[in-house]
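The structure displayed is predicted, hence computed values, not measured ones. When a ligand or atom number is given, it counts from 1 through the structure's own listing order.
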Amino acid sequence: MARTVAEACDVLLRDGGVAHIRPLCPSDREALHALITRSSPHSAYLRFFTGGTTSAHVYMDRITGPRYPGHALVALIRGLMVGVAEYIPRPDRPEAEVGILLDDLVHGQGLGTLLLEHIALDAADAGIEDLVATVLPENRAMLRVLNDLGLPVKKQYEQGQVEIRIATRPTDSLVAEIEARAHEAERSSLAHVFTPCSVAVIGASRDPARVGHRVLRNLVDGGFLGPIYPVNPRAVEVCGLAAYPGLASLPGPAELAVVAVPASAVLGVARECARHQVRALVVLTAGFAEAGGREAERELLRVCREAGMRLIGPNCLGVVNTAARLHAGFLPGRPPAGPLGLMSQSGAVAAALIERAGLLGLGVSSFASVGNKADVSGNDLLEYWEDDPATRVIALYLESFGNPRRFGRIARRISARKPIVVVKSGRSASGSRAVRSHTAAAATPDVAVDTLLRACGAIREDSVQDLLDTARLLAFQPLPDGPRVAIVGNSGGPQALTADACERLGLVVPDLRPATAEALRARLRPAAAVGNPVDLTAEADAADFAFTIATVLADPGVDAVLIVYTPPFGSGLEETREAIAATTTDAAKPVLACLAGHDELIDGRVPAYAFPEQAVHALAQAAGYAARRVRPVTSPEEPPGIDLPLARRVVAADLSAHPEGRWLDEHTAARLLSAYGVHVAESVAVNGPESAAEATALTGLPAVLKATGPRLVHKSEVGGVRLDLQTPEQVRQAYREMSARLGPAMQGAIVQAMAAEGTEMIIGGVAHETFGPLIMAGLGGVATELLADRAFRVPPIDRAEAGRMIGELRCAPLLHGYRGRPEADVRALEDQIVRVGRLMDDQPDIAELDLNPVIVTPGGVVAVDVRVRLAPAPPLPSPFRRRLR
Ligand code: ADP
Ligand code: MG
């Protein structure tokens with residue numbers, strides 16, 4: 001197994017504090033002795049049994065001595081050594097003894113669990129299969145920690161001691177346990193930010209134009225219930241509150257500090273906060289990494305980490321939690337309370353979003369502008385919102401992904417319960433990275449973001465306006481069970497636009513059930529059209545609307561109702577609003593409206609949009625989200641016949657011969673792919689006309705001849721491919737002609753059997769630098785780039801997902817008997833996509849690959865041209881290892 005990054009790191013404790021974990025070094029000796037001296041004799045007894053404190057001191061000398069045979073990690077909190085864990089390998093067996101000693105002061109914070117998690121991962125990396133702990137039965141705390149770690153445990157009682165054996169191999173249940181623990185710690189730590197008991201505003205200016213003043217004003221006017229401490233050495237009073245010259249003079253502790261002092265003073269303030277046990281900082285001040293001050297930002301983070309303070313910003317607009325009446329920022333207004341959890345990487349976008357959301361009746365549960373994201377990022381906030389009861393919809397405005405893989409894991413878990421709506425700016429392609437595979441060229445960062453968001457069930461929007469449109473439907477209405485929409489309105493034009501938009505965005509406008517249509521006809525004016533859309537005509541009054549809405553809601557063939565009302569006609573705006581409100585209070589299906597020209601929230605729950613397309617867009621997003629959400633999120637089963645060790649050996653051998661990586665030759669590429677059950681056409685390498693002719697004895701006839709050479713990328717473009725050669729003589733002749741045309745660029749050739757006629761598809765894979773592996777399926781052959789008909793996914797995927805990929809392609813009908821073609825073996829194609837996905841997921845050193853074309857016939861599939869590039873991948877941070885960035 002690859003090493004999972006064992007250097008020093010910061011970790012979050014159960015109570016939200018921060019500890020530092022790192023390998024032990026000899027200079028830790030003093031601190032370790034001090035730890036023993038501070039420990040009670042009972043703790044020493046539990047760890048060292050009858051030897052007690054004396055053994056403990058001897059042990060500390062040994063563990064820091066030159067011949068120590070084990071591996072030890074230490075933990076520090078606020079610079080104080082508070083724990084040490086170790087394992088000592090046993091000779092001749094892949095197992096090790098494990099031991100841990102914690103400071104009495106830190107029991108109950110989950111530090112023991114964290115140290116053991118890290119020790120177990122280090123041990124697994126070092127090839128140790130079992131860790132064995134010998135524990136006294138009365139050491140309940142330790143027994144519980146070992147038992148609950150999430151790794152398989154075996155217990156044995158012997159001579160008054162318990163021997164516990166832990167298998168170190170990381171398991172799915174370990175991931176689940178670790179994620180649950182990380183989640184709890186994350187939430188506790190952000191509680192210091194969002195629900196502090198007290199707030200200090202450092203740099204609380206008397207000048208109303210200054211940020212420091214505006215924050216204080218917002219806090220005061222917002223009605224924060226705990227004490228607010230303005231800190232300003234030159235003022236006695238600010239905003240009607242007593243001001244203090246520094247943290248030392250505060251009458252009580254400050255849990256959260258909002259910092260609005262000049263950049264040059266921020267570090268000093270942070271250190272002062274650290275000394276006074278502040279638990280979280282919101283640094284509004286700009287002038288850090290965004291302005292070249294990377295070093296200062298690093299130091300700020302270091303100070304915060306060492307003191308166990310979470311840090312929002314720097315260079316941000318602040319935080320809001322309406323439930324706690326905490327308005328700790330300098331937004332222009334104070335957002336009303338509501339269901340939206342909002343994170344923005346841009347202060348300006350945040351300000352606009354909040355303002356507009358408020359106008360639309362969409363209030364905010366909590367908001368954070370994360371600025372430079374030195375510590376707290378969108379991922380952390382997701383963890384906080386996951387079980388925040390006030391947050392029903394999460395909205396993110398992102399400019400970058402700090403850790404896309406972690407985002408993917410968290411967002412996937414959360415979006416099964418709460419929708420996450422994302423606007424990611426920077427959709428344009430990055431451009432210039434030189435790539436030779438179609439797949440890598442097609443997988444622009446934007447495509448990668450799309451694919452990632454889709455994989456985790458998040459909803460992507462192009463604009464903040466779309467985000468708000470979708471968010472207010474999700475926040476106030478139930479999810480649709482399906483795509484079928486009933487449209488009810490009073491004028492033909494807007495209803496036609498609505499129906500068109502539905503069709504465009506994948507919604508369905510079905511015929512109403514006969515019973516529904518009859519009920520409508522019996523009651524409505526004769527001029528009304530009782531199809532779908534139901535056109536009540538301009539004469540319709542509010543009662544017509546009410547009756548019709550209730551009737552179509554009851555139709556079992558309808559999943560959602562969209563009311564399209566044009567105000568000048570009929571009943572009038574106010575009566576229509578009332579009718580909509582009165583008939584939909586108990587609706588179990590989503591109801592939304594387009595009131596021409598009016599963006600609003602009817603009765604605090606039915607979203608209304610100015611234009612039909614907005615309403616349809618929101619509904620289509622909700623329906624897509626609902627459909628994805630019901631799919632189970634299990635890991636796909638592994639297809640049979642995968643020889644993972646063989647593939648690893650092929651990759652390792654090639655990388656050891658070419659440490660920088662390279663484009664694999666045909667033969668090696670085919671071996672690697674075949675190990676995963678990918679069907680690659682047999683190719684015989686030849687080096688001249690004679691051997692080419694002879695090769696047909698192996699491949700059979702008709703045959704194909706292809707030139708090879710490192711410079712030959714698109715062979716057919718330069719005449720390097722000759723198809724359908726009927727005799728050995730034709731092959732010989734083709735070789736001569738090719739070699740004459742291509743000259744030294746042609747270093748040899750391969751001979752293949754001519755595949756049966758079929759549909760040419762492409763299957764590809766790319767290991768994206770930041771986003772991880774992606775796989776692609778699309779229309780293949782020589783026009784693949786031109787037609788750009790392709791679908792991407794994050795592997796691994798199952799066959800059903802592969803089927804959906806194919807279904808998304810415009811060329812899909814070609815596989816299904818389009819215009820009298822034979823029906824292709826789509827299941828075989830799906831299987832190949834699944835296998836390539838597995839390969840990309842399992843082998844991070846495959847940088848990119850193209851199988852183009854994969855020829856799909858009624859009888860199966862075969863890849864006739866494969867290109868694979870290896871490049872050594874940096875070790876991944878393990879999902880098992882809990883650590884702060
Ligand atoms: P390149 O992509 O470098 O131009 P390919 O090996 O993909 O070269 O060949 C180009 C085209 O020739 C393919 O798209 C396919 O139409 C056809 N072709 C190549 N090999 C075979 C084969 N073994 N059987 C049938 N057709 C083939
Ligand atoms: Mg090709």
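Here R838 pairs with nothing under the side-chain hydrogen bond (donor to acceptor under 3.5 Å, both in side chains) rule; sequence neighbours left out.
D665 CG: more than 12 foreign heavy atoms inside a 6.0 Å radius. When the shell of 6.0 Å around CD of E737 is examined, it contains more than 12 heavy atoms from other residues, nucleotides or ligands.
Closest N/O/S atom of D865 to the Mg ion (ligand 2): OD2.
The distance from the Mg ion (ligand 2) to the nearest N/O/S atom of S716 is not under 2.8 Å.
A distance-only check finds no donor-acceptor pair linking the side chain of Q747 to the backbone of T708 [under 3.5 Å].
Taking 4.5 Å as the limit, some side-chain heavy atom of M343 sits within range of a side-chain heavy atom of L398.
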task = Would you sort out whether W663 and E848 count as a side chain to side chain contact (heavy atoms under 4.5 Å, CB included), showing the intermediate values?
result = CA-CA 9 Å; W663 287 95; E848 53 188 309; 3.7 Å; yes
Present, as a list of atom pairs with distances to 0.1 Å, all nitrogen or oxygen contacts under 3.5 Å between ligand 1 and the protein.
residue  : atom   : partner : partner atom : Å
ligand 1 : 2 (O)  : D865    : OD2          : 3.0
ligand 1 : 3 (O)  : V713    : O            : 3.4
ligand 1 : 3 (O)  : K715    : N            : 2.7
ligand 1 : 3 (O)  : K715    : NZ           : 2.9
ligand 1 : 4 (O)  : K715    : N            : 3.4
ligand 1 : 4 (O)  : S716    : N            : 2.8
ligand 1 : 4 (O)  : S716    : OG           : 2.4
ligand 1 : 6 (O)  : K706    : NZ           : 2.6
ligand 1 : 7 (O)  : N852    : O            : 3.2
ligand 1 : 7 (O)  : D865    : OD2          : 3.0
ligand 1 : 14 (O) : E760    : OE1          : 2.8
ligand 1 : 16 (O) : E760    : OE1          : 3.2
ligand 1 : 16 (O) : E760    : OE2          : 2.3
ligand 1 : 20 (N) : K706    : NZ           : 2.9
ligand 1 : 23 (N) : Q752    : OE1          : 2.9
ligand 1 : 23 (N) : A753    : O            : 3.1
ligand 1 : 24 (N) : A755    : N            : 2.9

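Between H438 and H714, the ring planes lie parallel to each other; the angle is under 30°, not in the 30° to 60° tilted range.
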